[in-house]
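Here's the structure we're looking at; comments come further down.
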Amino acid sequence: MDQFLSSTAFKGNTKKSVYFNGGIKMSYNHTVVEKKWQRNWKAAHEFKTTTDPNKKNYYALDMFPYPSGQGLHVGHPEGYTATDITARMKRAQGYNVLHPMGWDAFGLPAEQYALNTGHEPSEFTAENIANFKRQINSLGFSYDWDRELNTTDPSYYKWTQWIFEQMYKKGLAYEAEVAVNWSPDLGTVVANEEVIDGKTERGGFPVYRKPMRQWMLKITAYAQRLLDDLDLIDWPESIKEMQRNWIGRSEGAEIDFDVATDQTTAKKSFTVFTTRPDTLFGASYVVMAPEHELVDQITTADQKDAVAAYKDEISHKSDLERTDLSKDKTGVFTGAYAINPANNEKLPIWISDYVLVSYGTGAIMAVPAHDTRDYEFAQKFNLPIKPVLQGGDVTKEAFTGDGVHINSDFLDGLDKDDAIKKMIDWLAEKGVGEKKVNFKLRDWLFSRQRYWGEPIPVIHWEDGETTLVPEDELPLRLPKTHDIKPSGTGESPLANLTDWVNVVDENGRKGRRETNTMPQWAGSSWYYLRYVDPHNSEKLADFDKLKDWLPVDLYIGGAEHAVLHLLYARFWHKFLYDIGVVPTPEPFQKLYNQGMILGDNHEKMSKSKGNVVNPDEVVEQYGADTLRVYEMFMGPLDASISWSEDGLAGSRRFLDRVWRLFIDDDGKLRDRITTVDDGRLDRVYNQTVKKVTDDFEDLHFNTGISQLMVFVNEAYKVDALPVQYVEGFVKLLAPVAPHMMAEIWEKLGHQDSLTYAKWPTFDAKFLVADEVEVIVQVNGKLRVKLQVAKDLDQAVLQEQALADEHLKKFIGDKKVVKVIVIPNKIVNIVVK
RNA sequence: GCCGGUGUGGCGGAAUUGGCAGACGCGCUGGACUCAAAAUCCAGUUCCUUCACGGGAGUAUCGGUUCGACUCCGAUCACCGGCACCA
């Protein structure tokens, strides 16, 4: 679950490295101050989740990272800072806050490293986690580490396995033969992303499609609910739309066709799915997927060779190649015919890979006059094109729009919607078809031929029985080995570990453990539940605690997880809801996708481009607070923005400016900070409290920080800084720059922790002015600005505007046609 | 090809519901401080025009709706992301 796998050395910028503490003045020393507060927070268990029943609960969650050997990337802290600011603000606002972090630590890189070096993946993973944790802590995030979790920990994956077993018991986990990418040279199955141009990424060996027994999860059983419940959640509309498209609901009909028979052949039939049953009279041939089960049975003797050759050709193509070459339609006639149930016409049956065995019924009725793909195919193979709708010109292209039906017997004269209804009724009445809803969504291929994943807790017995590992024997532990080798058979490396694989039951019956493991998506599909009750040994989490915290109030991560992770997690959550384990139908109430941080050349950061920035270097040179301020100030959270060393330095300059505003050269509070309020900062202070509170709540951190800058600019212009405003400001900036603010808070004389100091409030009376500036336009162009009393009468305002000397020049001797007056805002004079 | 998103100064970006375009920051220019520089503080900074007051143009391009458009509508162009023959 990680988008940042590449890294390289920090591009040092000596020009800006002026922030060492070698001067005479006591300037702000981020290294000392940040270390001090990180130590204090750890010692005080500052961020331990509170469970005060008198407070409301808030759950702020980050998508947990895959702890790669490369360490943290500057992209990680963007989302983490956003949730951290929210968590810190909510603590100050009096919430119990659950803000946890953990590790999605199963995955391919560790396995490959182990294969290459002979190291144990768990040891290597533990080192990576330690490094990630060190880096994350160096940025001052307020995680409750007592709730840290790790998907590779047996006490965690015990419950991942438990969920699998519940699904199995409900018939939602099943085995099927599915094609995989098989590399005989490597002796392993490779993932799609490891295949480049039909060859393995490592070694460049050929890859073959090979059907293997695989575990599947029946996510399709939840398709309709996954679609409907998108309406319950507060997610970006674009993400919802992507999920809707992925689920891909389409309404249509299934229609049964008989295969034309003679005296020598038995009666056979098959079913097609179509969204346009109204065009049945325009069907001129039928196409089956090459893998369709009927193909071999119906192919005539003289077409056998051609069909076999075509199927062979297809089997050598990967999915990608099949689609890449899609511009040009290919196919073969089977020699057989189908009977159109509407008019008993004989239609030739073809096979072609443009029909997918995995969608619908794997067979279609082709209506080339009204379907673009069928049209291309018919053109290529000279098949008849018969229009059944008025409109369009079928000599040029397929007409896929609406129109009046023709050549369609009882449908003639009807439009599309009516014709579809009438045809479905007719099909149902004759018993040759019915209304049908189809989804693009396919079942989830849940097994991987890998060592480094959760073992699937299943035993295959010699008598053919398949059983689950009993629940009281979970977790089924991944056996330790220093010798991970390909099995050579396509099975995972676990197949080599015969001590583990072979089992015997109490009756002496022999069995073999499942050697497939779960995909990385498994552990990440429910981890947010475990944070709620991470040490529970009886249940995956206590139901009442889940009721207290769910759904997650704020979930932030990269947009690349828009579909898969978020759909899988929703699916598991709904299943757990159905069996009474979780209290809500949806897991994540509010979702937000952070954007990408690009390199300073406006390109995606990557090792090969040499534009990767390492957060360790930034923390060392500028401090964690600076990095946090910069990443939040550089633009909207969801935008992709280029890294700028100058911008980073500017953020540090702002923090130094804040420091100097309150602290003198001897490291003491400035004497300008007083209990006297001369009123000069009343307005800007109250505006700042309001804007920052609203903006942080809406995740508009860039504009919130800009308002804090406005306050600082104003504060520099006055002589007296009222202490309550200074304290309020420190609290407002604390979520973004917690270390420096904690230090100033201490210098202000506070023993108590800033973390739980009450969030400031504003007084609305300071936000309203007695006078307002009203703009006066002539024909929509700004001409004059007037200072007038607030809520001045419309007529008076109009009179004052028209009396203005400068304005008269623009009216001249033209006629005033109309005057639009919006109180406290605008007067627009329309002249002719 | 389809779906989604984005186009605003030299740069990153602001702009409630259609009502002062350019907040804030970077960069740049000038001033103060300094022997000098850096740092800091103050001021200015969309473009054209004007000594100045002022005026004109301007939110990718073209058109529309409106008293009034960065904002709404239509078309076009560019860039970014996702999907891949889903019947």
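Quick note on labels: first sequence line is chain A, next is B, and so on, each numbered from 1.
- The nearest heavy atom of RNA chain B to A:Phe633 and to A:Trp246 marks one nucleotide each, and the one closer to the 5' end goes with A:Phe633.
- An OP1 or OP2 oxygen of B:A84 is reached within less than 4.0 angstrom by no side-chain nitrogen or oxygen of A:Asn245.
- By the neighbour-count criterion of 12 heavy atoms within 6.0 Å, atom NZ of A:Lys380 is densely surrounded, having more than that number from other residues, nucleotides or ligands.
- Ring planes of A:His565 and A:Trp521: parallel class, angle under 30° (limits at 30 and 60°).
- Separation of the C1' atoms belonging to B:A15 and B:G22 is 8 Å when rounded to the nearest angstrom.
- Between the side chains of A:Gln707 and A:Thr688, a donor-acceptor pair is found at a separation under 3.5 Å.
- In this entry the distance linking CZ of A:Arg653 with P of B:C42 reads 13 Å, nearest Å.
- Across the interface with RNA chain B, nearest-nucleotide mapping of A:Phe273 and A:Gln707 shows A:Gln707 to be the residue nearer the 5′ end.
- In this structure, A:Trp643 has its ring center under 6.0 Å from that of A:Tyr630.
- The base of B:C85 sits with one of its N or O atoms less than 3.5 Å from a complementary donor or acceptor on the side chain of A:Lys329.
- For B:C77, the paired base is B:G7 (Watson-Crick or G-U wobble, both distances below 3.5 Å).
- For the pair A:Arg652 CZ and B:C26 P, the computed distance is 14 Å after rounding to whole Å.
- Using a cutoff of 4.0 Å between basic side-chain nitrogens and carboxylate oxygens, A:Glu434 and A:Lys436 are not scored as salt-bridged.
- Considering every non-hydrogen atom in both A:Gly704 and A:Asp695, the closest pair reads N-OD2, 3.3 Å.
- At a threshold of 4.0 angstrom between heavy atoms, the contacts of A:Gly360 with the nucleic acid are absent.
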Under 3.5 Å, which protein N or O atoms sit close to an N or O of nucleotides 66-71 of chain B? Give each pair with its distance.
residue	atom	partner	partner atom	Å
B:C67	O2'	A:Asn828	ND2	3.3
B:C67	O2	A:Asn828	ND2	2.5

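- Phosphate proximity of B:C3 to A:Arg244: absent, as no side-chain N or O sits under 4.0 Å from OP1 or OP2.
- Ring geometry for A:Tyr568 versus A:Trp444: interplanar angle under 30°, hence parallel rather than tilted (30 to 60°).
- Nucleotides B:U17 and B:U66, compared at atom C1', are 15 Å apart to the nearest Å.
- For the C1' atom pair drawn from B:C77 and B:U40, the interatomic distance equals 47 Å after rounding to whole Å.
- With rounding to whole Å, A:Leu280 atom CG is found 14 Å from B:A87 atom C1'.
- Look at B:G82: its glycosidic torsion is beyond 90° from 0, and that puts it in the anti range.
- Remark: C1' of B:G13 and CD1 of A:Ile597 are 15 Å apart, rounded to the nearest angstrom.
- Nucleic acid contact class of A:Ser651 (heavy atoms, under 4.0 Å, all strands): none.
- A gap of 26 Å separates the C1' atoms of B:C72 and B:G9, to the nearest Å.
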